[in-house]
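As structure tokens, the structure follows; a few thoughts come after it.
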Amino acid sequence: MASRSGIKRVPIKDVLSLLSQRVSVVAVILEYSFPKTTRGTDYCCVLRIVDQSHHETGMAVNLFALTADKLPHVAEAGDVIHLCNVSVRTFDGEYNLVYSKAFSSFALYQGKDSDDLVPYQVSSKYQRTNADGICIHELRKWRVNFQPNDGRHEFRLFKEIKEGDHVNLACKILHFGEVAKDEWFIYVWDGTNAPPNTIRSKLEDEMNCPLPLQLESLALPRDLYCTFPTVGSILRITFDGSIDKSHFHLLDNVKLKWIKLVNMRLEVHAGLWRGLFTPFTKFRYTPAEDNLILTRKRFSDERISRRFEINYLGCVPVPSTVTVVTVDCHCAPHVTLMEALTNNQVTAKFKCVVRVVAALPCQPEMLRSPAGIYRMQLTLEDATARIHAYVFAKDGETLFGGYPDTDSLSKKLNKLLGVTEGGATSDKRHPPWVSVCLESYYLNKDDTWGTRHFRVSSTKVAEEA
DNA sequence: TTGGGG
């Protein structure tokens with residue numbers, strides 16, 4: 001069907017026989033990326049589109065514009081795009097479409113089936129015929145029953161991730177925002193526990209360069225934290241420098257939704273998992289009734305609702321025999337660190353299974369003050385959070401079995417921290433999962449929540465067998 | 001021109 005411009009609107013499959021020609025298409029956006037800078041003069045964003053004629057892998061579309069603002073602001077994957085006067089090219093044996101800022105135009109429409117034909121974004125020069133409108137209606141009707149073919153994609157659970165991976169994730173967007181100046185994070189969750197990491201830092205550096213409690217330079221406010229799930233890992237995703245920030249507000253459209261992200265990079269930073277949104281990362285169309293999403297939702301709902309029934313599906317790992325908690329902690333509830341952090345009582349007592357990832361001080365002869373009183377700071381983590389917890393006086397006596405000699409104290413500390421050789425100078429350790437009794441307290445009764453801290457009590461490092 | 005897979 002020729003439009004007023006004389007450019008023919010074609011089904012995507014016909015593009016495969018129109019190399020070097022210009023065409024128009026009406027298509028569903030299967031995947032889209034955020035705008036990124038290019039090695040040329042423009043910004044670029046990449047879409048993958050499908051229609052009734054070509055919906056297995058879809059077709060890539062590269063759009064270029066002088067400013068990121070002129071590129072499509074896709075509200076959600078699955079929306080409809082009308083691309084006019086785009087060029088047909090091939091690369092590596094695959095056909096794709098190229099949008100030129102000089103002569104192409106586009107309009108974006110909601111993907112959901114409705115009579116509304118008001119585009120939510122139009123480029124300059126965009127025109128639509130009645131026949132184009134009918135085509136949009138037909139495409140929306142087709143989309144109602146369209147399930148993208150994910151055959152080529154494996155969507156990894158957080159419990160299956162590995163460092164350095166490029167992965168596809170199917171997860172819930174918990175929150176998005178600029179947590180500090182130029183520090184943008186997406187918080188995602190799928191209900192499973194990400195694997196624990198090797199800690200690659202020197203204990204003796206803990207004073208000057210401590211292991212951080214979170215990737216953000218500022219901790220999130222407590223009221224936001226308290227809205228997060230308390231079982232399963234919350235993965236922080238940050239952005240590669242070449243991603244343009246001007247479209248970030250579009251993430252509000254997927255807040256609290258389960259979505260599919262493809263080609264996310266996974267890194268470990270200070271022993272903490274970090275997702276990196278790279279120029280290759282894309283949002284993928286995720287229908288509400290998507291089978292994978294329904295399965296994941298069911299699993300995570302069940303994990304939360306049956307949390308206190310039993311240690312359901314490994315919410316808490318099996319602890320080693322490195323520590324034992326003493327009888328006065330036996331009645332304390334078994335919780336994750338997120339549950340301890342978000343508990344509505346300022347002062348409370350918990351039993352947790354954690355890893356001791358750092359200690360300050362770490363030299364055995366320094367664990368007590370000149371007056372002989374234990375005082376040290378431990379950094380504890382589980383799959384849900386990392387916190388500081390203090391060991392004071394009598395709690396230190398319990399933990400280390402009184403006042404053992406330096407050699408024996410050093411052995412106990414190394415066991416707790418998973419140091420196998422080199423002591424404080426080793427730059428690699430594998431802390432074991434250990435049971436601890438955790439008590440929360442406050443320093444100032446006028447600001448109980450603001451001065452809330454944790455201490456390790458009623459916990460003992462087991463004697464050598 | 002740029003990018004396309006990752």
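Quick note on labels: first sequence line is chain A, next is B, and so on, each numbered from 1.
- For residues 231-240 of chain A, the salt bridge (Lys or Arg N to Asp or Glu O under 4.0 Å) pairs, not counting sequence neighbours, are Glu216(A)-Arg236(A).
- For the pair Lys260(A) and Phe155(A), the cation-pi criterion (under 6.0 Å, within 45° of the ring axis) is fulfilled.
- Taking only distance into account, the side chain of Thr41(A) never meets the base of dT2(B) through a donor-acceptor pair shorter than 3.5 Å.
- Applying the side chain to side chain donor-acceptor pair (under 3.5 Å) test to residues at least two apart or on different chains, the pairs with a partner in residues 29-45 of chain A are Glu31(A)-Arg284(A), Asp42(A)-Lys101(A).
- In this structure, the side chains of Leu360(A) and Met207(A) come closer than 4.5 Å at one or more pairs of heavy atoms.
- Every salt bridge (charged side-chain N to carboxylate O under 4.0 Å, His left out) that Glu381(A) has, sequence neighbours left out, goes to Arg355(A), Arg386(A).
- One can place CG of Asn62(A) at 5 Å from C1' of dG4(B), the figure rounded to the nearest angstrom.
- In this structure, Asn263(A) and Leu97(A) both approach DNA chain B, and ranking their closest nucleotides by distance from the 5' end singles out Leu97(A).
- A salt bridge (Lys or Arg N to Asp or Glu O under 4.0 Å) check over residues 167-193 of chain A, counting only residues at least two apart or in different chains, returns nothing.
- Nucleic acid contact class of Val61(A) (heavy atoms, under 4.0 Å, all strands): none.
- Closest to the side chain of Arg39(A), out of dG6(B), dT1(B), dG3(B), is dG3(B).
- dG3(B) atom P lies 14 Å from atom OH of Tyr43(A), rounded to whole Å.
- The base of dT2(B) lies outside donor-acceptor range of the side chain of Lys36(A), with no N or O pair under 3.5 Å.
- Against DNA chain B, the stretch residues 275-287 of chain A makes heavy-atom approaches under 4.0 Å through Phe280(A), Lys282(A).
- In this structure, CD of Glu267(A) is placed 18 Å from P of dG6(B), rounded to the nearest angstrom.
- With rounding to whole Å, Tyr32(A) atom OH is found 17 Å from dG4(B) atom P.
- Listed nucleotides: dG6(B), dT1(B), dG3(B). Nearest to the side chain of His166(A): dG6(B).
- Rounded to an integer number of Å, the gap from CG of Leu169(A) to P of dG6(B) is 14 Å.
- For Phe350(A), there are no ring pair (Phe, Tyr, Trp, His ring centres under 6.0 Å) partners at least two apart in sequence or on another chain.
- Side-chain atoms of Asn96(A) and base atoms of dG4(B) include a donor and an acceptor less than 3.5 Å apart.
- If you take CG of Leu266(A) and C1' of dG6(B), they are 14 Å apart, rounded to a whole angstrom.
- One atom, CG of Leu47(A), and another, P of dT2(B), lie 19 Å apart when rounded to the nearest Å.
- The distance between atom NZ of Lys101(A) and atom P of dT2(B), rounded to the nearest whole Å, is 12 Å.
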